[in-house]
Number of protein chains: 2
Amino acid sequence: MLPTMTPTVPLRSRKAQIDRTATALFRARGFAATSMRELATELGLEAGSLYSHIKSKEEILHRVCFGLAEDFFTDFAVATADASTPVAEKLRQAIEGHVRVLTRDSAASAVFLHEWRHLSEPARTEFLSLRDRYEGSFRALIARGIAVGELHAPDTAFATLTLLASLNWLPSWYRPDGKLTPDEIAHRLAEQLLGGLLTNK
Amino acid sequence: MLPTMTPTVPLRSRKAQIDRTATALFRARGFAATSMRELATELGLEAGSLYSHIKSKEEILHRVCFGLAEDFFTDFAVATADASTPVAEKLRQAIEGHVRVLTRDSAASAVFLHEWRHLSEPARTEFLSLRDRYEGSFRALIARGIAVGELHAPDTAFATLTLLASLNWLPSWYRPDGKLTPDEIAHRLAEQLLGGLLTNK
DNA sequence: CCTACCGATCGGTAGG
DNA sequence: CCTACCGATCGGTAGG
């Protein structure tokens, strides 16, 4: 038996590499316009070889979308866990948590925000109901803030919509190598958005 | 010479029909995932027949994207034309103008906002520079409002970004048959967004 | 506006 | 992980 070259142990599993590279491509070109051959080339292998690690193109999209959904829920739960924290402060921490998830992996976030519609049923419907639940949590937080007088807004639904829209625009312009750190961005966004909601300024 | 059945005169030109139907499909499925055969079927004709009215699939996308860009510029110019109008009021009218364009054709707006990346060069770069110019106009307006003391914001760039992001989220949830009229939506959005920017409330 | 078709490319599989 | 390939579908054209 002859000794063979020990293959370089991949730092991340091949599957994780595929997910990461696919996510970047999905973000740049969109899910439908990204071909499995492009993805394979980017990874230095042949198209057919991908299928020893994944079952389908959509499987990747599914993992990215639902993985991020989980991240958003986790961070929101942490931000709002402490019962003694004032509502406005909970909202601030929820905003910062949301921004943290967005900046941690902005490619995956962009896919989460824009490519979910290429999920086939029933995943698509399931995804949308998760997203609705998440929006609902923010709306409830804002409504409670208004009820206890810490926040004010002419229309709760509009306030929630504009808040999340502002945050979710981030992956369109965020660059990890930009001047501001994720924490600074989170802080400024929170200032900007709470500025319009807080009763006492 | 025998008289023949007079063909029904189309209310809109066939080309305009193609654009409208394609826009709805591009919005629902995305540009890349929409096939010319789907589009033809929707219009009740064969795929090949489309090409006596249009040159290519991308030509449609090009018309939609640049047509809407023109609409946004036109409405912004009208909103900010009068030199004697206070800056904050100009901003309010610019917001309402932007919302008016978005609600007038929300399918085209959604395509404008999300499908432009499927334009090939040089159209893509040209489009992005138009979009930058438009954003720049809003930023300049906000900056001037802060300079003269009518507006306040911790960060002009962030204020502009969150403002436009909030407005541009509208095509994602706007339904022409919803409870609120476009004017009411424009008004509430303006209230919500100016509420965080106005110096005197 | 249709019929008939082109070459290219797609996601995915069989067998090794 | 590769080679070789599958059937399906793509945008678009020629000729009428």
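Chain naming here is simple, since letters A, B, ... match the order of the sequence lines and numbering starts at 1 in each. Excluded from the calculations below are hydrogen atoms, water molecules and symmetry mates; all remaining heavy atoms, backbone and side chain alike, are included.
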> Determine the stems involving DNA chain D; a stem requires 3 or more consecutive pairs of the Watson-Crick or G-U wobble kind, each with both distances below 3.5 Å, and the answer is none if no such run exists.
C:1-16 with D:1-16
> Apply salt bridge (Lys or Arg N to Asp or Glu O under 4.0 Å) to B/Glu70 and list each qualifying residue two or more places apart in sequence or on a separate chain.
none
> With a 4.0 angstrom cut-off to heavy atoms of chain B, pull out the first and last contacting nucleotide of DNA chain D, in 5'-to-3' order.
D/dC10 to D/dT13
> How about B/Phe76 and B/His98: are their ring centres within less than 6.0 Å of each other?
no
> Please list, chain by chain and in numerical order, all residues satisfying ring pair (Phe, Tyr, Trp, His ring centres under 6.0 Å) with A/His53, sequence neighbours excluded.
none
> Output side-chain donor-acceptor pairs under 3.5 Å for residues 184-196 of chain A, partner residues at least two apart or in another chain, one line each.
unit_1, atom_1, unit_2, atom_2, d
A/Glu184, OE1, A/Thr181, N, 3.0
A/Arg188, NH1, B/Asp155, OD2, 2.8
A/Glu191, OE2, A/Arg92, NH1, 3.0

> Flag this pair as yes if the NZ/CZ of A/Arg133 is under 6.0 angstrom from the six-membered ring centre of A/Phe73 and inside a 45 degree cone about the axis; otherwise no.
yes
> Could you check if a side-chain atom of B/Thr80 sits within less than 4.5 angstrom of a side-chain atom of B/Gln93, using non-hydrogen atoms only?
no
> I need the residues from residues 115-125 of chain A with at least one non-hydrogen atom less than 4.0 Å from DNA chain D; give them sorted by number, or say none.
none
> Have A/Arg14 and A/Gln17 got a donor and an acceptor in their side chains that come within less than 3.5 Å?
yes
> For B/Arg100, enumerate each residue passing the salt bridge (Lys or Arg N to Asp or Glu O under 4.0 Å) test, keeping only those at least two apart in sequence or located in another chain.
B/Asp75
> Kindly state whether the ring of B/Phe112 and the ring of B/Phe127 have centres lying under 6.0 angstrom apart.
yes
> Below 6.0 angstrom between ring centroids: does that apply to B/Phe158 and A/Trp173?
yes
> Where along residues 48-64 of chain A does a heavy atom fall under 4.0 Å from DNA chain D?
A/Ser49, A/Ser52, A/His53
> List for me each residue that meets side chain to side chain donor-acceptor pair (under 3.5 Å) alongside A/Glu59, sequence neighbours excluded, and say none if there are none.
A/Arg63
> Going by the angle between their ring planes, with limits at 30° and 60°, are A/His62 and A/Phe66 parallel, tilted or perpendicular?
parallel
> Examine distances only and state if a side-chain atom of A/Lys57 and a backbone atom of A/Phe31 form a donor-acceptor pair shorter than 3.5 Å.
yes
> Report the residues that fulfil salt bridge (Lys or Arg N to Asp or Glu O under 4.0 Å) with A/Arg29, sequence neighbours left out, ordered by chain and then residue number.
A/Glu38
> Apply salt bridge (Lys or Arg N to Asp or Glu O under 4.0 Å) to B/Glu96 and list each qualifying residue two or more places apart in sequence or on a separate chain.
none
> Which residues within residues 34-44 of chain B lie with some heavy atom under 4.0 Å of an atom in DNA chain D?
B/Thr34, B/Ser35, B/Met36, B/Arg37
